[in-house]
Every structure is written in structure tokens, then in C-alpha cells.
Student: 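Submitted below is the structure of interest, expressed as C-alpha cells.
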Number of protein chains: 2
Amino acid sequence: MAAVIGSKRIRRTSEEARRQILDAAEARLTNLGPEGLRLQDIGRDVGLSHSAILHHFESRDGLVKALSIRATEQLRADVLAALATPAGKTPDATQVMQKVFEVLSERGYARLAAWLTLEHDGGNQGFSQQMIAELIRVIHSIRMEHHATAGVAPPSEEDTSNIVLLVATVAYGDGIMGHALRGAARRPDDPVARKDFRLWFGHLIQAHMDSYFPPKDAARPKA
Amino acid sequence: MAAVIGSKRIRRTSEEARRQILDAAEARLTNLGPEGLRLQDIGRDVGLSHSAILHHFESRDGLVKALSIRATEQLRADVLAALATPAGKTPDATQVMQKVFEVLSERGYARLAAWLTLEHDGGNQGFSQQMIAELIRVIHSIRMEHHATAGVAPPSEEDTSNIVLLVATVAYGDGIMGHALRGAARRPDDPVARKDFRLWFGHLIQAHMDSYFPPKDAARPKA
DNA sequence: TAGTCGGTTGACATAATTGTCAATTCGCGG
DNA sequence: CCGCGAATTGACAATTATGTCAACCGACTA
């Protein structure tokens with residue numbers, strides 16, 4: 001929402017221009033939805049005419065595609081960072097999930113992804129095809145290792161898959177409808193409340209992973 | 001997608017016309033997103049000119065509002081039906097949640113609600129303000145009763161609130177992004193698979209409710 | 001059968017948005 | 001200092017959406 005008024009023509013490098021435009025577009029998209037993605041408005045935000053945007057991205061669709069690609073890569077990078085082991089130590093599955101959740105839900109990625117996949121038609125692709133699969137693999141290997149060291153039973157791949165799917169689903173659902181839902185439940189919607197919910201959910205997942213004893217009863221949050 | 005071509009003017013009652021228009025609009029909205037909500041297209045679907053739609057709904061926004069209201073009421077009716085006790089017997093909390101999930105996620109309500117709340121601006125209202133609150137109350141009372149009869153500890157209201165919120169979030173997330181996510185996870189997306197996931201999730205919630213022992217680590221199983 | 005109420009229509013007005021293009025001007029290298 | 005490439009722009013074209021309006025006509029009633 002920053003507009004330069006007084007000065008003359010500001011000349012940027014192609015990269016800079018593209019970056020600024022994408023930033024503004026992303027902000028508008030996450031705040032206002034696809035209706036807010038108008039070339040003139042974006043241009044005003046960064047102090048450019050809509051023609052300049054067309055110059056840099058060919059077409060409006062080109063802009064959307066570029067936005068989609070960049071968001072995917074950023075998300076991927078953030079998730080990979082979350083997966084990075086602190087120091088050769090095997091990460092905690094729950095913490096990884098927490099981080100993924102946070103990245104997805106908190107920074108508008110959820111809304112962004114939702115808009116993009118749905119504007120671009122439901123027959124989407126890209127965005128995170130292999131990321132989810134990768135995530136499942138990593139988490140599963142962590143669980144298997146935990147199974148070996150601790151006394152937990154070996155989880156099925158399907159179970160791990162379900163967990164990852166659930167976390168992603170909740171992250172998206174929360175990112176998209178969280179605000180409205182909390183309002184409907186008459187609960188606060190500040191960052192603290194959101195974090196509390198995230199933690200509560202994390203414990204739920206944690207408990208499920210810890211209590212994975214196929215033979216005996218499966219519910220005992222011993223800690 | 002049905003269009004009448006040959007015949008003359010078809011004259012409907014006001015109600016009929018409204019109903020048909022809303023049906024077509026709903027279909028377009030859930031299938032194509034807000035971009036697909038154009039008066040001409042909707043008109044073509046039901047064999048009316050776009051002027052007729054404006055006649056019945058004042059404006060495009062009036063149509064959207066009416067659509068929102070009708071969807072809310074239908075959703076509410078379905079959820080209330082799910083809450084109805086089979087025969088004076090106290091319903092099972094998990095089953096209720098399952099049903100709510102199914103209603104929300106399966107029939108396009110999720111997408112519909114998402115589009116509506118987001119097109120209408122995030123400062124939404126309506127849609128289910130009191131429904132969620134009501135749901136929380138009902139589920140909580142069920143849990144309290146269960147606590148009295150069985151040996152489960154009394155759950156905190158916050159815990160119940162979180163559960164309901166989680167179920168709603170998953171239902172919305174699944175309805176909106178479920179297809180894409182399952183694709184990304186390389187899992188099938190047929191009704192059976194969706195039901196399996198729903199059941200798995202139901203067990204997770206069930207386990208949480210059953211394993212609710214406050215003396216040790218009640219609402220907060222430690223951090 | 002005539003008359004009226006209101007659902008229905010087509011032509012038109014209006015506004016907004018993407019896209020095109022020639023011209024402008026900034027910044028850099030020769 | 002000049003010239004050139006490239007970013008930037010403003011005017012214009014083309015498309016498309018919502019909304020207005022007068023007229024049309026189908027069904028029901030007196």
C-alpha cells in the first residue's frame with residue numbers, strides 16, 4: 001500500500017521491478033482475494049503503470065503463473081528449512097509438523113495456494129506435488145527410527161500419510177477459514193490464540209504417534 | 001448445464017425462477033469458482049436472460065447474498081438433522097462429528113462457504129455464527145454426560161471448542177484443498193478413500209476424547 | 001373476452017479491465 | 001558527450017460485465 005508520489009520516473013532493473021510487482025500482487029491476493037488482483041492497482045502500489053506490468057510479465061496470466069511459481073519455491077524452501085536437522089540430530093516429527101503448519105497457515109501461503117489452484121482451474125498441478133510426498137517420506141523415516149529406539153510399534157505408511165495429509169488440510173483450512181471459524185466460535189483470533197490452537201493440535205498428533213500400539217489399547221498420553 | 005433451445009418463453013412462478021437461478025448459481029460457484037458466476041452464464045443454464053436474474057435479485061450482489069443465505073440455511077438444517085437423536089438416546093459425539101464433517105466437506109458446502117466468505121470480504125458474518133457455538137454446546141453436554149456415566153474426566157470447554165473447531169477446519173480444508181492434496185500425496189481421491197480418511201480422523205478424535213484424563217495432564221499435556 | 005399483473009426480453013448505457021503501440025526518458029558504455 | 005537499449009508511460013482499442021428501461025406476452029380473473 002505504499003505509493004510514491006512526488007518523484008519523477010523511477011527506473012528499476014528488470015529483476016527489481018519483477019520482485020516489487022510480485023510482492024504487491026501477493027499482498028493483494030492474500031488480503032483481498034483474486035478480485036484484488038488488478039493490474040492498475042498493483043501498479044499503483046509499486047508506482048508503475050499497468051503497462052509496465054504487462055511489459056514484465058507478458059500478460060496477466062503470466063503474472064499469475066510467475067506468482068504461483070515463486071510462492072511454490074518459497075514454500076518449498078521454508079518447508080525444507082523446517083526439515084533441516086538442527087545438528088545431525090534426528091528432528092522431532094511433531095516439531096516438524098508444527099513448523100510446516102506454521103509456515104503454511106500463518107504467512108498467507110494457504111490462501112495464496114487456494115486462490116491460485118482454484119483460479120487456475122481445479123485441475124491444478126505444481127504447487128507442492130512432490131513436496132507432500134517428500135514430507136511423508138521424511139516423517140515416516142523419523143517414525144520408523146523412533147520405533148526402533150523407543151518402544152513404539154512400527155507405523156504403517158498409510159498412517160503417516162494420513163497424518164501429513166491431516167496437518168496440511170488443517171493448515172489450509174485454518175489459513176483460509178480460520179478467521180471466520182474462530183469468529184463463529186466466539187473465540188479470539190489473535191496470534192496467541194492461533195498458536196494455542198496449533199499447539200493443542202500438535203499435542204493431538206503427538207499423542208497419536210506416541211500411542212501407536214497396535215496390540216494393546218491405543219490411548220494413553222503418558223509423557 | 002441444461003439449456004432449452006427450441007421452445008418459446010417459459011413462464012415460471014417467482015419462486016420457481018429464484019430456485020432455478022440459485023441452483024444454477026450454486027453449481028457454477030462450486031464447480032468453477034467465483035469467476036464462473038456471471039449473470040449471462042447462469043441465465044443460459046436455466047434458459048433466462050441476464051435481465052431476468054436482475055429482476056429477481058435486484059443485483060448481482062443480491063444474488064450472492066441470497067445464495068449465501070440459502071446455503072447457510074441448508075447447511076444448518078443438515079447439521080441439525082445430524083444432531084437429532086435417533087430415539088431419545090444420547091448420540092455419540094464422534095458420530096455427530098463424522099456427520100458434520102461429511103455434510104460440510106462432501107457436498108460442496110465447504111467450497112461454497114469459502115467463496116462466499118472470501119468474495120464478500122473477510123469481514124464476513126452470517127454463514128454459521130451461532131451454528132458453531134451451538135455445536136460446541138451440544139457436543140460438550142454429550143461429553144459431560146459421558147463423563148458422568150463412564151469414567152472419563154470432565155473435559156474443559158476449551159477442549160471441546162478446539163475439537164469442534166478442528167473438525168470444521170478439517171472439513172473446510174478437505175472440501176477446498178482435499179482433491180489437490182490427495183493428488184500431491186499420490187493417493188486416490190475416490191469417495192471410498194475420502195471416507196477412509198474421514199474414519200481415520202474420526203478415530204483420532206475419538207481417541208482424544210476417550211483418553212481425556214485431567215488429573216495428570218488435562219487440557220495441556222505439557223509442553 | 002378484455003384487462004391487468006408481473007415475469008421476460010432485447011437494445012442500450014456505463015464502467016472497468018486487459019492488452020497494444022508508439023513515443024518518452026533514464027542510465028550506462030563507448 | 002552521444003547514442004543506444006530498455007524500462008516506462010499515456011492514449012487508444014477491444015472485450016466483457018453489470019445495470020437500466022421500455023416494451024412484450026403469458027396466465028389468471030372479472
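Because the structure is a prediction, the values reported are computed rather than measured. Values below: every heavy atom of this structure, side chains too, minus hydrogens, waters and symmetry copies.
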Student: Distance check needed: C/dT8 C1' versus B/R9 CZ, whole Å only.
Tutor: 4 Å
Student: Can you list the residues that meet the side chain to side chain donor-acceptor pair (under 3.5 Å) rule with A/E16, with sequence neighbours excluded?
Tutor: A/R19, A/Q20
Student: Could you list, one pair per line, each protein nitrogen or oxygen that sits under 3.5 Å from a nitrogen or oxygen of nucleotides 19-21 of chain D, together with the distance?
Tutor:
residue	atom	partner	partner atom	Å
D/dG19	OP2	B/R60	N	2.7
D/dG19	N7	B/H50	NE2	3.2
D/dG19	O6	B/H50	NE2	3.2

Student: Do B/H208 and B/D159 have a side chain donor and acceptor closer than 3.5 Å?
Tutor: yes
Student: Do B/T30 and B/R111 meet the criterion of a side-chain donor-acceptor pair at a distance under 3.5 Å?
Tutor: no
Student: Near DNA chain C, counting only heavy atoms under 4.0 Å, which residues of residues 15-25 of chain B show up?
Tutor: B/A17
Student: Nearest whole angstrom, please: distance from the P of D/dA6 to the CD1 of A/I10.
Tutor: 21 Å
Student: Under 3.5 Å, is there a donor-acceptor pair between the side chain of A/T72 and the main chain of A/S68?
Tutor: yes
Student: Just to be sure I understand the rule, does B/L37 reach a base, reach only the sugar-phosphate, or reach nothing, if contact means heavy atoms closer than 4.0 Å?
Tutor: sugar-phosphate
Student: Under 4.0 Å, counting only non-hydrogen atoms across every strand here, what does A/R11 touch: a base, just sugar-phosphate, or nothing?
Tutor: base
Student: Nearest-nucleotide wise, let me know which of A/D41 and B/H55 is further upstream toward the 5' end of DNA chain C.
Tutor: B/H55
Student: Test B/V164 against every option in B/V138, B/V96, B/V100, B/I139 by the side-chain contact (heavy atoms from CB on, under 4.5 Å) rule and name the one that passes.
Tutor: B/I139
Student: Say whether, by atom type as modelled, one donor and one acceptor occur between the side chain of B/R198 and the main chain of B/F101 under 3.5 angstrom.
Tutor: no
Student: Considering only nitrogen or oxygen atoms on both sides, find all protein atoms under 3.5 Å from nucleotides 28-30 of chain C and state each distance.
Tutor:
none

Student: What nucleotide, of D/dT8, D/dT18, C/dT8, holds the atom closest to the side chain of A/H56?
Tutor: D/dT8
Student: Over all strands shown, is B/T13 touching base, sugar-phosphate only, or nothing at heavy-atom distances under 4.0 angstrom?
Tutor: nothing
Student: Tell me every residue that passes side chain to side chain donor-acceptor pair (under 3.5 Å) with A/T169, counting only those two or more places apart in sequence or in another chain.
Tutor: none
Student: Considering residues, nucleotides and ligands other than A/E58, do more than 12 of their heavy atoms fall under 6.0 Å from its CD?
Tutor: no
Student: Just to verify, what does B/R182 make a salt bridge (charged side-chain N to carboxylate O under 4.0 Å, His left out) with, not counting sequence neighbours?
Tutor: B/D174, B/D189
Student: Between B/E102 and B/K195, does the salt bridge (Lys or Arg N to Asp or Glu O under 4.0 Å) criterion hold? Intermediate values first, please.
Tutor: CA-CA 9 Å; B/E102 187 182 328; B/K195 182 167 190 180; over 6 Å; no
